Each structure stands twice: as structure tokens, then as C-alpha cells.
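Both ligands and their constituent atoms are indexed starting at 1 by order of listing. Owing to the predicted nature of the structure, the values given are computational and were not obtained by experimental measurement. What's counted below: heavy atoms across the whole structure, side chains too, no hydrogens, waters or symmetry copies. Numbering starts at 1 and runs along the sequence shown.
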Amino acid sequence: MKRTAVYPGMFDPVTHGHLDLADRGRHHYDRLILAVLRNDAKEPLFTVEERVTLLTEATADWDNVEVDSFDGLLVDYAQSVGASVILRGIRVASDFEYEMQMAMMNRHLAPELETVFLVPTEAYSYVSSRLVRQVAGLGGSVDNLVPANVAKALKRRFAQA
Ligand code: PNS
């Protein structure tokens, strides 16, 4: 039986930390879907379509990785694509509480779905989309923290601002 995992997130924008996690995850599943949440209350820097494009470009070399977007409950989406696993990353201790709450809520909603946590390489343990947006917005370099297409998109976005 084919094993599908979903790696959900805002990916606003995708960073090397996300890609490191996806690269680790894809070796354990037949199919890994990076799924961008659509209906978030927060004002994103990039539209869902832009985030999906940036993710698709950044993962183009990985055969068993797909990029998609979803609305509503993650567990409903995961079940609709036949996934048995939700993949998430834990970088630092402060991620743990939020991730545990989400994992337990998702288990409450769909006990047959398993949340699997992976640890990204320590080189990216301090990298988050929020800090990347902030640093890029203030003119700092994020070139080694995000893929080249994202670095370019950030420069374009903040040049327009
Ligand atoms: O990149 P993020 O902000 O850490 O991703 C959070 C995400 C998208 C995984 C989470 O907000 C989510 O799954 N939202 C979908 C709504 C949902 O299913 N909520 C109930 C379970 S917590």
C-alpha cells in the first residue's frame, strides 16, 4: 500500500528549514504533499497562489513531492488525499507546546491519522518564515536561508513596498 504524508503550513514563504524537513520526510513516504493553508485570518506576505508557485519551483527535482493548498480542517484535507500521516517539524523547545496541542486536536478529530515530528538540521533551527519576512523587509540578507526563487520574490515584493 502506498503511504502518503501531508506536510501542512503557511509557507509564507518557504525556507530552507521547510525544505530540509520535506527532504527528510520524502524518504519515508511514497508521496509527500506540501499543503498550503488557504483560509488563515493572518495577512500573508505572499498570496496562496504565489506560495504554491514558490514551493513548486523549490521542490521541482523531487519526484514524490507534490504541492497543493487546502481550506478548512487539516484532517479533512489529509483524509481526502488518502494520507495516513501529518508531518511537522520541531526546531526548538518553544515549538513543542503548539505542535503538541495541534497534534492532539488532530488526533481527537481523526484518531487514525498519525502526526510525525521530524527535527530539521540545526543549521536552520533558528529560521522561521516570520523572521525571514522581517529581516528581508528591513533590507537584511536572507540569501542563505531561503531558496533562490524566494530570495528573488522577497526582493521584488519589498522593492514595490
Ligand atoms: O505554518 P504554520 O502556521 O505553523 O501552519 C499551521 C497549520 C496550517 C498547520 C495549522 O494552522 C492548521 O492545520 N490549520 C488548519 C485548521 C485546522 O485543521 N485546525 C484544527 C487543528 S489544530
Side-chain angles (χ1 to χ4, degrees), residues 3-26 28-29 31-59 62 64-137 142 145-147 149-151 153-154 157:
R3 297 203 63 196
T4 299
V6 170
Y7 176 14
M10 299 304 295
F11 301 105
D12 186 33
V14 58
T15 68
H16 277 324
H18 294 126
L19 293 175
D20 176 79
L21 205 88
D23 195 16
R24 288 170 199 282
R26 77 189 175 96
H28 297 280
Y29 302 98
R31 180 176 171 227
L32 176 63
I33 305 175
L34 308 192
V36 180
L37 177 65
R38 280 194 170 272
N39 58 336
D40 195 71
K42 285 177 257 167
E43 228 353 77
L45 181 62
F46 293 104
T47 66
V48 171
E49 286 67 31
E50 287 170 329
R51 282 179 270 155
V52 165
T53 300
L54 292 169
L55 267 168
T56 304
E57 290 167 355
T59 58
W62 295 341
N64 62 336
V65 174
E66 296 166 29
V67 180
D68 196 5
S69 62
F70 73 103
D71 259 328
L73 284 177
L74 172 62
V75 293
D76 290 342
Y77 171 75
Q79 283 168 335
S80 76
V81 292
S84 53
V85 164
I86 295 169
L87 197 69
R88 290 285 290 175
I90 293 194
R91 293 162 299 186
V92 286
S94 55
D95 286 343
F96 186 75
E97 202 174 333
Y98 170 63
E99 293 298 334
M100 279 297 280
Q101 274 184 336
M102 281 207 300
M104 286 179 184
M105 181 58 80
N106 286 330
R107 176 174 285 166
H108 168 79
L109 294 168
E112 61 285 6
L113 271 174
E114 211 58 75
T115 298
V116 172
F117 294 119
L118 295 181
V119 177
T121 178
E122 58 274 27
Y124 300 128
S125 61
Y126 65 97
V127 179
S128 69
S129 298
R130 184 178 62 81
L131 285 183
V132 161
R133 290 194 302 272
Q134 188 184 91
V135 170
V142 292
L145 310 180
V146 296
N149 64 331
V150 172
L154 283 166
R157 182 56 39 99

Nearest to [atom], what protein heavy atom do you find, and at what distance?
| atom | result |
| --- | --- |
| atom 14 (N) of ligand 1 | L37 CD2, 3.8 Å |
| atom 10 (C) of ligand 1 | M102 SD, 3.8 Å |
| atom 3 (O) of ligand 1 | M10 CG, 3.3 Å |
| atom 19 (N) of ligand 1 | L73 CD2, 4.0 Å |
| atom 21 (C) of ligand 1 | N106 OD1, 3.1 Å |

### Per-atom contact, atom 12 (C) of ligand 1, protein heavy atoms, under 4.0 angstrom
no
Answer with yes or no whether [X] contacts ligand 1, where contact means a heavy atom under 4.0 Å from a ligand atom.
| X | result |
| --- | --- |
| R88 | yes |
| G72 | yes |
| Y77 | no |

### Query
Is the number of heavy atoms from other residues, nucleotides or ligands within 6.0 Å of CD (E122) greater than 12?
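Counting other residues, nucleotides and ligands, CD of E122 stays at 12 neighbours or fewer.
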Taking all heavy atoms of [X] and all of [Y], pick out the closest pair and write down the distance.
| X | Y | value |
| --- | --- | --- |
| L74 | V6 | CD1-CG1, 4.2 Å |
| S128 | R91 | CB-NH1, 3.2 Å |
| I90 | F96 | CD1-CD1, 3.7 Å |
| L21 | L87 | O-CD2, 4.5 Å |

### Query
Going by the order shown, which atoms of ligand 1 are within less than 4.0 Å of some heavy atom of Y98?
3 (O), 4 (O), 6 (C)
### Query
Which atoms from ligand 1 have a heavy atom of L74 less than 4.0 Å away?
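Listed by number with element, the hits are 13 (O), 17 (C), 18 (O).
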### Query
Taking the side chain as C-beta and beyond, is there a heavy-atom pair between S129 and P13 under 4.5 Å?
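Touching, per the 4.5 Å side-chain cut-off.
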### Task
Check each heavy atom of V75 against ligand 1 and say whether those closer than 4.0 Å belong to the side chain, the backbone, both or neither.
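Within the 4.0 Å criterion, V75 makes no contact with ligand 1.
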### Query
Is the shortest distance from a Lys or Arg side-chain nitrogen in E114 or R107 to a carboxylate oxygen in the other one below 4.0 Å?
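Looking at E114 and R107, the cut-off is met.
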### Task
Using a strict cut-off of less than 4.0 Å between a Lys/Arg side-chain nitrogen and an Asp/Glu carboxylate oxygen, indicate whether E49 and R38 qualify as a salt bridge.
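Answer for the salt bridge query: yes.
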